[in-house]
Amino acid sequence: MRNIKQHIKIFFNNILLFKNEKRLVALFLMFFLPLLNGNSIKAQFYNGSQMEFGKNRLQFNEALWLNYRLPKFDIYYYQGGSELAVYIALSANKFIEEIEDKFNFTLEDKIQFIVYKSMSDLKESNIGLISDEHYNIGGVTYIVGEKVFIYFDGNHKNLEKQVKAGISQAVFNQLLYGNHIGSKIKNSTLISLPNWYTQGLMSYMSEEWSTEIDNYVRDGILSGKYKKFNSLTGDDAIYAGHSIWYYIGTKYGAKAISNILYMTKYSRSVESGFLYGIGISFKSVSKDWLAFCHEKNDYLDSSSIAQNKTLLLKKIKKNRVYGKMKISPDGNFVAFTTNELGQYKVWLYNTNTHKVKRILKRKQKLEEKTDYSFPLLAWHPTGELLSIVTESKGKLNFYNYTLKEKSFEKKDFTYFSKILSFSYAPNGKLIVFSAVQRGQSDIFVYNVVSGTYFQATKDIYDDLYPCFINNSSDIVFSSNRNNDTLKFDNPRGLLVNDKQLDLFIYNYSTKNNVLKKVTHTPFANETNAVEYDKQFFSYLSDQNGINNRYVSRIDSVISFVDTTTHYRDVISSFPLTDYPRNILEQDISFKTGKIGEVVYEKGLYKMYYDDLIASNNLITVEPKNTFFVESLIKSKQKKLNNSESDSIKTKKKKNYQCS
C-alpha cells in the first residue's frame with residue numbers, strides 16, 4: 001500500500017513537467033500499469049539478455065527502480081532519486097535539440113539515462129559488465145552503448161555537464177558508427193580515433209570552456225607538455241583535445257566541427273577529416289592551435305608561484321593527487337590526503353620534525369573513474385582531534401582520530417546521501433556541513449553534544465563550502481541562488497546552471513532567513529571561504545579567469561538618523577594574489593599565523609605552507625584578465641547590445657502602429 005501511495009504522489013508531483021497529452025499518458029502508464037502486477041518495479045535493460053541490476057558487483061543497498069519514458073530518452077532512477085530524475089529530464093529536453101544542431105545529426109535510437117545519487121552507488125552497478133561493450137571510465141561521464149550513467153556530486157552544473165556529455169556521445173556514436181549492430185561493428189573496426197579526438201570532443205560539448213579547463217591547458221602549454229601532442233594520454237589528452245576543438249569552434253565556426261566529423265566518417269581518417277572538412281591538415285591545425293595558446297598566455301610567468309613560497313613536501317609523486325590540506329589550530333600538524341588510482345590515504349605532516357606519517361589507507365588501486373571527493377578532513381579547535389569523513393559499503397563514515405592515543409572512533413552518518421564539506425565552529429560544539437539530501441545540497445549544523453541537526457537552507461540551489469566566522473555567529477558559504485531570501489521549498493522545473501557561485505552570509509545566531517550577499521560577479525565563482533582574522537575572511541575567486549585569493553570585510557556604517565540611528569553594511573573586497581595557475585584549495589590558521597594552498601603546476605599537485613601576512617600589511621594586486629574572461633565579457637556585451645537594439649526596434653514598431 002505504501003508503494004502505491006508513493007507512485008501516486010510522484011505521478012502528481014510531476015504532471016506539471018510534461019505539458020502535452022502524449023507525455024502525460026506515458027507518465028500515467030509508467031506509474032500505474034506496473035501496480036496491476038505488483039507493488040515494485042524492477043528496471044531491466046536489454047543487452048543481449050535480460051538481467052537485473054546488481055548481479056555481478058557487490059550491492060550494499062537494495063534499490064527499487066522506477067522510470068520515466070519520453071520520446072527521445074528514458075530515465076531510470078531508484079528511491080530517493082526522483083528529484084534528480086526530474087531535473088535530468090528537464091536538462092535533456094533542453095540539450096538534445098541543441099546538441100543535435102551542433103552535430104547536424106538527429107538521434108535515431110533512444111538514450112537511457114541511469115541516475116545514481118552518488119558515485120559510490122554507481123560503482124555498485126553491474127551494467128556494462130554483462131557484455132563486451134566498451135565501458136568508458138574516463139572523460140566527463142560513464143557511457144555504455146546508449147546507456148548514460150549519471151551521478152550527483154552536489155553540484156547541478158556538473159550534473160548538466162554529464163547530461164550534455166552523454167547526449168553528445170550518443171549522437172557521436174550514431175553519426176560515426178550507425179545505429180544497427182552490423183554497421184557499428186563494421187565502422188568501429190574501420191575507424192580508429194585517438195582519445196584526444198573523442199573524449200576531448202565530448203568534454204568540449206559538455207562545457208565549451210571553464211576556468212578549470214583553462215588552468216590545466218595553461219599548465220600544459222607553459223610546461224611544454226603539449227609539444228609532443230601525439231604522445232599525450234589520459235587527462236592530458238582530454239584537456240588538449242578539448243582545447244583544440246575549442247580553437248576550431250572559435251576560429252572556423254561551429255559548423256566546421258560537424259564537417260570534420262562527417263569527412264572523418266566517410267574518409268575513415270582523422271587527417272583526411274580535417275583536410276576535407278576545413279581545408280587544412282591536422283598537422284597545420286595543431287601548430288596554429290599551439291601558437292594561439294602561447295600567444296594568449298605569453299604574459300604569464302611560469303615560475304611566479306614558486307617565488308617566495310615554501311613547499312610542504314619536497315618529494316611529490318607524479319601520479320598522486322594531493323589535496324584536502326588542513327592546518328591544525330595549534331600549528332603543529334598539517335593533515336592532507338593523497339589519491340592514486342582510487343586508493344586514498346590520510347597523512348599527518350609534523351611541522352616541528354618535518355616528518356610525514358600515514359594514519360589511514362582505504363580502497364584498492366583500480367583503472368576506473370576516481371572519486372576525489374573523499375575523504376574529507378577537519379580539525380577540532382583543540383588541535384587534538386582530526387575528523388575524517390569517508391564512504392564505505394554505501395554508507396557515510398565519520399572518524400575521529402585522537403593524536404595522543406593514535407586511535408580512531410567511528411560513527412555511521414545515515415542522515416545524508418553525501419557530505420561535500422564540513423568544518424568546526426571555534427567552540428568545538430558545532431559542525432557545519434554542506435550535504436546532499438533528496439538530490440540537492442544544503443547547509444546543516446550538527447550539535448556535537450545533543451547529536452541533533454539544524455537545517456539552514458532547503459532549496460534546489462547548490463550551497464557549498466560553509467564555514468563559521470565572527471565567533472560562530474555567522475556562516476559564510478557559496479551558492480548559485482538568485483536572491484538573498486531563504487525559502488524552504490523545492491520548485492520543480494527550475495534549472496540553475498546559468499548562475500555562478502557567489503558568497504552569502506547566514507546569521508546563525510538569529511536564524512534570519514535574509515542572507516547577506518557578499519559578492520555579485522556574473523562571470524566568476526567564489527569558493528572556499530575561510531576566516532583570515534577577526535576582521536577579514538578570505539576566499540578564492542576566478543574573476544580574472546584564474547583562481548586567486550581575495551579577502552573581504554563587512555563594516556557597518558550609519559545610513560540615516562531619525563529617532564534612532566540606522567546602520568547599513570558596506571562590503572569591501574580585494575585580490576591578494578595574481579597567479580598563473582589556479583589555487584585549487586586554501587586553508588588558514590590565523591591563530592598560529594599560517595596559510596596553506598594547493599596548486600597544480602607542471603603536472604604536479606603542490607602544497608605550499610607559509611606565514612600569513614597580517615591584515616594591516618595586506619597589499620592589493622590587479623590580476624590581468626585571461627583571454628577566456630575577455631571573450632566572455634565581449635560576448636556578454638554583444639548580447640546586451642543586440643537585446644537593446646531589438647528593444648528599440650520593437651518600441652519604434654509599436655509607436656508606428658499607434659500613429
Quiz prompt | CA sep, side-chain torsions, deciding dist, call: Asp459, Arg481, salt bridge (charged side-chain N to carboxylate O under 4.0 Å, His left out) | solution = CA-CA 9 Å; Asp459 50 40; Arg481 57 188 60 250; 2.9 Å; yes
Quiz prompt | Exercise: identify the closest heavy-atom pair between Asn339 and Asp371 | solution = ND2-O, 3.8 Å
Practice problem: Look at atom CD1 of Ile613 and say whether more than 12 heavy atoms of other residues, nucleotides or ligands are closer to it than 6.0 Å. | Solution: no
Quiz item: Is it true that Arg218 and Asp214 have a side-chain N and a carboxylate O under 4.0 angstrom from each other?
Solution: yes
Quiz prompt | Lys/Arg N to Asp/Glu carboxylate O, Lys157 vs Glu207, below 4.0 Å | solution = yes
Quiz prompt | Chi angles and distances behind the side-chain contact (heavy atoms from CB on, under 4.5 Å) call for Asp442, Val436 | solution = CA-CA 6 Å; Asp442 293 305; Val436 176; over 6 Å; no
Quiz item: For the ring pair (Phe, Tyr, Trp, His ring centres under 6.0 Å) test, which of Phe444, Phe454, Phe422 pairs with Phe433?
Solution: Phe422
Quiz item: Has Asn471 got more than 12 heavy atoms of other residues, nucleotides or ligands less than 6.0 Å from its CG?
Solution: no
Self-check item: Check: Glu384 side chain, Thr402 main-chain N or O, donor-acceptor pair, under 3.5 Å
Solution: no
Practice problem: Using a strict cut-off of less than 4.0 Å between a Lys/Arg side-chain nitrogen and an Asp/Glu carboxylate oxygen, indicate whether Lys365 and Glu340 qualify as a salt bridge. | Solution: yes
Quiz item: Do Tyr465 and Phe477 have ring centroids that are under 6.0 Å from one another?
Solution: no
Between side-chain atoms of residues 514-524 and protein atoms elsewhere (two or more places apart, or another chain), which donor-acceptor pairs fall under 3.5 Å?
unit_1: Lys516; atom_1: NZ; unit_2: Asp569; atom_2: OD2; d: 3.2
unit_1: Lys517; atom_1: NZ; unit_2: His520; atom_2: ND1; d: 3.1
unit_1: Thr519; atom_1: OG1; unit_2: Asp502; atom_2: OD1; d: 3.2
unit_1: Thr519; atom_1: OG1; unit_2: Leu503; atom_2: N; d: 2.9
unit_1: Thr519; atom_1: OG1; unit_2: Glu526; atom_2: OE1; d: 3.0
unit_1: Thr521; atom_1: OG1; unit_2: Asp502; atom_2: OD1; d: 3.3
unit_1: Thr521; atom_1: OG1; unit_2: Ala524; atom_2: O; d: 3.4
unit_1: Thr521; atom_1: OG1; unit_2: Glu526; atom_2: OE1; d: 2.8
unit_1: Thr521; atom_1: OG1; unit_2: Glu526; atom_2: OE2; d: 3.0

Quiz prompt | CZ-OG1 distance between Arg362 and Thr390, expressed to the nearest 0.5 angstrom | solution = 6.5 Å
Quiz item: Step by step, would you call Lys594 with Asp610 a salt bridge (charged side-chain N to carboxylate O under 4.0 Å, His left out)?
Solution: CA-CA 6 Å; Lys594 294 293 182 180; Asp610 292 290; over 6 Å; no
Quiz item: Counting N and O atoms only, with roles assigned by atom type, does the side chain of Ser434 sit under 3.5 Å from a partner on the main chain of Leu420, one being a donor and the other an acceptor?
Solution: no
Exercise. Test salt bridge (charged side-chain N to carboxylate O under 4.0 Å, His left out) on Asp236 and Lys225 and set out the steps.
Key: CA-CA 9 Å; Asp236 291 331; Lys225 190 186 300 181; 3.4 Å; yes
Quiz prompt | Salt-bridge contact Glu601-Lys606 (side-chain N to carboxylate O under 4.0 Å) | solution = yes
Practice problem: Assess the pair Tyr453 and Phe416: is the distance between their ring centroids shorter than 6.0 Å? | Solution: yes
Exercise. Mark yes when over 12 heavy atoms from residues, nucleotides or ligands other than Lys511 sit less than 6.0 Å from its NZ; otherwise mark no.
Key: yes
